[in-house]
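Down below is the structure, laid out as structure tokens.
Along the sequence shown, residues carry numbers from 1.
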Amino acid sequence: MSTPTLSRPRQGRMIGGVCAGIARRFGWNPTTVRIVAVASCLIPGPQFLAYVIGWIFIPNERQAA
């Protein structure tokens with residue numbers, strides 16, 4: 001079985017799909033990744049900027065033919 005590549009899913013995304021893509025890539029629960037991402041934004045740092053950069057640079061998953 002191959003490891004899923006890092007991509008933003010077309011189904012099951014909330015805003016940009018960054019958290020869902022990271023969760024799918026590593027086999028984690030998307031809700032947990034979203035909660036950690038929101039909680040980390042309460043701490044000073046570049047977390048929001050990192051999300052936006054991920055939104056820009058992580059590609060959408062390819063459509064099934």
Side-chain angles (χ1 to χ4, degrees):
M1 185 172 134
S2 66
T3 306
T5 60
L6 182 59
S7 63
R8 295 181 296 120
R10 295 187 181 274
Q11 302 293 323
R13 60 166 74 172
M14 290 294 220
I15 298 175
V18 176
C19 292
I22 290 170
R24 186 178 61 192
R25 167 64 179 88
F26 293 104
W28 299 334
N29 183 336
T31 303
T32 303
V33 175
R34 290 177 183 130
I35 290 170
V36 169
V38 170
S40 75
C41 286
L42 300 175
I43 301 169
Q47 295 86 330
F48 181 75
L49 182 61
Y51 186 90
V52 172
I53 290 170
W55 195 348
I56 293 168
F57 288 105
I58 298 173
N60 279 322
E61 73 180 349
R62 297 178 191 254
Q63 289 183 339

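Heavy atoms only, all atoms of each residue included: P9 and A20 are closest at CG-CB, 3.7 Å. Residues A23 and P30 approach most closely at CB-CA, 3.6 Å, considering heavy atoms. Looking at every heavy atom in both residues, T31 comes nearest to N29 through N-OD1, 2.9 Å. Nearest heavy atoms, R34 versus G12: NH2-O, 2.8 Å.
No path of Ile, Leu, Val, Met, Phe, Trp and Tyr side chains, each step under 4.5 Å between heavy atoms, connects I35 with V33, placing them in separate hydrophobic clusters. Hydrophobic clustering keeps V36 apart from I22 (ILVMFWY residues linked when any side-chain heavy atoms are closer than 4.5 Å, directly or through intermediates). Taken together through direct or relayed side-chain contacts under 4.5 Å among Ile, Leu, Val, Met, Phe, Trp and Tyr, V18 and W28 form part of one hydrophobic cluster.
Rounding to the nearest 0.5 Å places CG of L49 at 10.5 Å from SG of C41.
Using a distance-only test at 3.5 Å, with no hydrogens or angles considered, no donor-acceptor pair links the side chain of R10 to the main chain of N60.
Counting heavy-atom neighbours within 6.0 Å of I15 CD1, excluding the residue itself, gives a total of 12 or less.
Of the candidates R13, R8, R24, E61 forms a salt bridge (charged side-chain N to carboxylate O under 4.0 Å, His left out) with just one, namely R24.
Ring orientation note: the planes of Y51 and W55 are nearly perpendicular, at an angle over 60° on the 30°/60° scale.
Residues satisfying the ring-ring contact (aromatic ring centres under 6.0 Å, His included) test with F48, not counting sequence neighbours, are none.
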